[in-house]
Amino acid sequence: MFVTQDMVDAMAARYGVPERATFLFPVKDDEFSFIRSTQKNERRHDVTLYIHKDDAIIVIAKHHYPPGMYRAPSGGLHPGESFECGIAREVMEETGTQIELERFLLESHVTFTNSIGTIPWTSFVFQARYVTGDFVFTDTREIREVRTAKLTEFAAYAQIMRSMEVGGLHYRAALHERVEPLLER
């Protein structure tokens, strides 16, 4: 993983020491292979962002998501990229907005398991505030839709995620449930 402990420590010094969580989720063979395919340059992380806009949170839907399912945007840093630069790039690509980071909420360690092996993954979760932008995102290969949602809508998203046989979505549902009490409303 090319996110170093020094980078994490610097973000904690600037945005607050995050809480920590650990998860374990089984995945099917095809999902295991998909996760492995996303690990360019041995990437084992994502940065997940809860972006407040007015009294709502900015959410994304990927092309393969069923209607009515959304989640907080996330993405990976590139080798040599700082958290701030990578976050700004990912947010613009996925949401078409600019943000201001407010708090480092959670450092989540998940292990995806399968008969093939295990994949360790870390999600660095931040709270941010919308500054400007029009939701015209550029990552149309990955993202289908961007909109805002009330925090209360996330329970329905989690229900949809858990109804699917996808360990990564089960993790996203559990991650949100861990993050929600940490969010400043």
Side-chain angles (χ1 to χ4, degrees), residues 1-5 7-8 11-12 17-51 57-79 83 86-87 90-91 93-95 104-127 139 141-146 149 151-183:
M1 178 165 78
F2 43 85
V3 172
T4 67
Q5 190 60 51
M7 292 170 67
V8 175
M11 293 302 282
V17 176
E19 292 199 18
R20 289 184 170 67
T22 304
F23 297 95
L24 177 70
F25 283 95
V27 294
K28 293 183 176 185
D29 290 351
D30 59 340
E31 187 178 4
F32 189 90
S33 297
F34 172 74
I35 295 168
R36 280 277 188 243
S37 76
T38 69
Q39 295 187 292
K40 295 175 188 149
N41 302 307
E42 298 184 29
R43 175 181 159 217
R44 293 187 183 112
H45 75 277
D46 70 79
V47 178
T48 299
L49 296 147
Y50 282 79
I51 305 165
I57 304 286
I58 296 174
V59 294
I60 55 106
K62 295 189 177 197
H63 293 284
H64 63 276
Y65 285 8
M69 190 179 96
Y70 299 85
R71 69 171 177 86
S74 65
L77 304 182
H78 292 163
F83 266 101
I87 287 169
E90 281 289 345
V91 168
E93 289 174 3
E94 290 199 357
T95 70
F104 193 172
L105 297 173
L106 183 69
E107 182 177 329
S108 173
H109 298 274
V110 61
T111 302
F112 295 109
T113 64
N114 181 283
S115 61
I116 300 169
T118 62
I119 300 174
W121 193 266
T122 303
S123 294
F124 302 100
V125 184
F126 291 86
Q127 177 178 305
D139 189 356
R141 181 187 56 78
E142 186 176 354
I143 307 300
R144 179 187 75 220
E145 182 183 357
V146 176
L151 206 49
T152 56
E153 294 178 72
F154 278 78
Y157 306 155
Q159 186 175 15
I160 295 169
M161 289 177 189
R162 287 197 171 101
S163 74
M164 301 173 72
E165 294 184 27
V166 180
L169 291 179
H170 293 191
Y171 168 60
R172 285 287 163 191
L175 182 65
H176 171 75
E177 289 164 354
R178 184 66 177 84
V179 167
E180 185 173 0
L182 304 177
L183 292 171

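- Contact annotation: the side chain of Trp121 approaches that of Thr38 to within less than 4.5 Å [non-hydrogen atoms, C-beta and beyond].
- Within the 4.5 Å cutoff, the side chain of Pro73 has no heavy atoms near those of the Glu93 side chain.
- A 4.5 Å side-chain heavy-atom check between Arg71 and Val59 finds every atom pair outside the cut-off.
- Side chains of Glu145 and Tyr65: a donor-acceptor N/O pair is absent below 3.5 angstrom, by distance only.
- Checking side-chain atoms of Gln127 against main-chain N and O of Leu105 turns up no donor-acceptor pair under 3.5 Å.
- Closest non-hydrogen pair, Phe23 versus Ala174, comes out as CE2-CB, 3.7 Å.
- Here the NE2 atom belonging to His45 is positioned 9.5 Å from the OG atom belonging to Ser123, to the nearest 0.5 angstrom.
- When all heavy atoms of Pro18 and Glu107 are compared, the closest pair comes out as CB-N, 3.8 Å.
- Considering OG1 of Thr113 and CZ of Phe25, their distance stands at 10.0 Å, rounded to 0.5 Å.
- When all heavy atoms are compared, the tightest approach of Ile35 to Gln39 is O-CG, 3.3 Å.
- Side chain of Glu90 to main chain of Val47: no donor-acceptor pair is present (N/O by atom type, distance under 3.5 Å, no hydrogens or angles).
- Across Met164 and Met69, no two heavy atoms sit closer than the pair SD-SD, 4.0 Å.
- The shortest distance between side-chain heavy atoms of Leu182 and Leu106 falls below 4.5 Å.
- We find the NZ-CD1 distance between Lys62 and Ile143 to be 5.5 Å, quoted to the nearest 0.5 Å.
- Looking at Arg36 and Ile116, their side chains never come closer than 4.5 Å, going by heavy atoms from C-beta outward.
- Under the 3.5 Å distance criterion, the side-chain polar atoms of Asn114 are matched with a main-chain donor or acceptor of Val27.
- One finds the CD1 atom of Ile51 at 5.0 Å from the OG1 atom of Thr95 (value rounded to the nearest 0.5 Å).
- Residues Glu94 and Leu49 form no side-chain contact, since every pair of their non-hydrogen atoms from C-beta on lies 4.5 Å or further apart.
- Tested against His176, the residues Tyr171, Tyr70, Tyr157, Tyr50 include a single ring pair (Phe, Tyr, Trp, His ring centres under 6.0 Å) partner, Tyr50.
- The closest side-chain heavy-atom distance from Phe124 to Phe104 is below 4.5 Å.
- At most 12 heavy atoms of other shown residues, nucleotides or ligands fall within 6.0 angstrom of atom CD in Glu165.
- A donor-acceptor pair shorter than 3.5 Å can be found between the side chains of Arg172 and Thr48.
- The structure places NE2 of His109 at 6.5 Å from CZ of Arg20, a figure rounded to the nearest 0.5 Å.
- One distance of note links CD of Glu31 with CZ of Phe112; it measures 7.0 Å at 0.5 Å rounding.
- Contact of the Asp29 side chain with the Ser115 side chain is registered, since non-hydrogen atoms from C-beta on lie closer than 4.5 Å.
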